[in-house]
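Remember, it's 1-based here, ligands and their atoms both numbered in the order they're listed. By convention here, the first residue in the shown sequence is residue 1.
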Amino acid sequence: MAKYSIAWMPGDGIGNDVMDAARLVLDAMKFDAEYRPCDIGWEFWCKEGNALPDRTIKALEGTTCGLFGAITSKPQDEAKEELIPELKGKGLVYFSPIVKLRQMFNLHTNMRPCKSYPGNPLSYRGTLISNPSGGEVAIDQVVFRENTEGSYGGVEFYPLPESVYQALCLNPKMKPWKDKGLENVALSTRIVSKQGCTNICKQAFEYAKKTGRKRVTLIEKPNVLRETGGLMTRIFREVAKGYPGIWADEANIDAICMWMFKNPQDYSVLVAENMFGDIVSDLCAGLVGGLGFAPSANMGDTYAVFEPTHGSAPKYAGQYKVNPIAMLLTVKMMFDWLKEDDKATRLEAAIARVIKEGKVRTYDMGGKSSTMDVAKEIAKHAG
Ligand code: NAI
Ligand code: MG
C-alpha cells in the first residue's frame, strides 16, 4: 500500500494542464502515493447541478490531503443558463466548490508564499529611484489569509427579505435602505469571529517564529470597518504580545497596495481576513512574476488541500501553454505539510534552477516551451 492517498482534483480549464505537469514531477520524484481522481468543477454543475458532488466529499474523507488545479466559476444568472435542460428552473444555486470545500473541511488557514527567484525576468524591479541599480529586488512574503469567514462566508441576500431588514434595523444606519425598496437591495455580509481572527493571527506568528521571520503585518481597515476590522485588530495586538521578538505592525488594505508596490522587500509575513487576503495575495503574486508563480495551501487541523492561486484561464485550457511553476510550488507546499522535507528542498531547488537557467520557459516568461516541457526540465533536476 502506498504511504499517502492524495485526492486528485484537476477541476476545469488549465487546472487539467497543470495537474498533468504535477503528476509528471511527482512520478519522477518517486512520491509514494496513490491518487484518487475526484469530480469537481463546472462540468458537474452543468450536468448534475452540483460542482462538488457528495461522492467527492466522501472520497476526500479517506485521503491524506488533496491536490487541486482550478475551477471555473460564473455569476448566478450565467450558471443557471448553462445547466442541462432537465435541471433548469429547479431553483438550483451555484456556489464555488473550492470555497465550499474550505468551509466544509474547516480549512481555516490559507497560506500563500510569494518569493522572487533569482533570474526570473518577471520579478519586480522597482523604479530607478527606489532601486537605482535596476537589479533584482529580493521579495519573500507569505500571506496568511483567513479562509472560512469574512466577506466570503457566503451569507448573502438578494432581494433583501423583510425579516432580515428588520433585524438589521437594530442598527439605525440600516433604515434609509428601505426607501430604495428592499427588492432593489443586495446584501453580502462580512462576519468574523474571535476564534477565526485568533487562529489566523496565531498561524501567522507561529510561522514567523518557526522560520525566523522578524515582521508580521496585519492588513485591515479598522477605521471604516469598525466592528469586524476592530475585532481583528484587537486580537492581532493581543496575539502579538506572545511573540516579543517579532515586529507586529498594521496597515490598511488600500495603503498597503501602495506600500507593497513601493517597498515589497520590506514585508515578510502578512495576515488578513478572507477577502483582503485574496486581494493582497494577487498583488504579491504580481511582484514575483504573476499567477504562474503563486502557490497556496488550504490547511485545517488535520486535512489540507493544495492549489495554485490562479484560476482556470479558459482561453488557455488544454493548450499546455501556461506556466506549471505555481502548481509545482504548490506540490512543494504539500511536501512541507507532509514533512517530506528532502523532497520539498529538492523540488524547490529544481524550480529555482530552471528559472535561473532560463532555457525552458513558458510564454509568460518570454519563452516558447510548453507546460510539460517545463515540468520535464524541473523533474530532471528534482528526480
Ligand atoms: P485566471 O487566474 O484563470 O487567469 C487570469 C490570467 O492570468 C490568464 O488569462 C493568464 O493570462 C494568467 N495566468 C493564470 N494562470 C497562469 C499560469 N499558470 N501561467 C501563466 N499565466 C497564467 O483568472 P480569471 O481569468 O479571472 O478567471 C478565470 C476563471 O477561473 C473564472 O471562472 C474564475 O472564477 C476562476 N477562478 C478560479 C480560481 C480557483 O480555482 N481557485 C481562482 C481564480 C479564478
Ligand atoms: Mg484570488
Under 4.0 Å to a heavy atom of D364 - the qualifying atoms of ligand 1, by number: 20 (C)
Subset of ligand 1 atoms that lie under 4.0 Å from at least one heavy atom of I14: 15 (N)
Contact check, S312 vs ligand 1, heavy-atom distance below 4.0 Å: yes
T309 neighbourhood, listing ligand 1 atoms whose heavy-atom distance to it stays under 4.0 Å: 42 (C)
P314, any N or O under 3.5 Å of ligand 1 N or O: no
Residue that, paired with I200, satisfies side-chain contact (heavy atoms from CB on, under 4.5 Å) out of M232, E149, R145: M232
E146/R102 ion pair, N-O < 4.0 Å: no
Subset of ligand 1 atoms that lie under 4.0 Å from at least one heavy atom of T72: 32 (O)
N/O separation below 3.5 Å, A70 to ligand 1: no
Pi-cation contact, F276 with R190 (under 6.0 Å, within 45°): yes
Check: W42 side chain, D12 main-chain N or O, donor-acceptor pair, under 3.5 Å: no
Side-chain (Y124) to main-chain (F261) donor-acceptor, under 3.5 angstrom: yes
Side chain, backbone, both or neither: the part of K315 lying under 4.0 Å from ligand 1 by heavy atom: side chain
Sub-4.0 Å atoms of ligand 1 with respect to non-hydrogen atoms of E307: 41 (N)
Short N-O contact, K359 and D373, less than 4.0 angstrom: no
Heteroatom proximity flag, N323 to ligand 1, N/O under 3.5 Å: yes
G292, any N or O under 3.5 Å of ligand 1 N or O: no
Heavy atoms of other groups near W177 CH2, more than 12 under 6.0 Å: no
Geometric cation-pi criterion K321 and Y316, 6.0 Å radius, 45° cone: no
N or O pair under 3.5 Å between R102 and ligand 1: no
N/O separation below 3.5 Å, Y363 to ligand 1: yes
SB check R213 D140 (cutoff 4.0 Å): yes
Contacting atoms of ligand 1, where contact means under 4.0 angstrom from a heavy atom of Y316: 9 (O), 10 (C), 11 (O)
Atoms in ligand 1 with a heavy atom of F68 nearer than 4.0 Å: 40 (O)
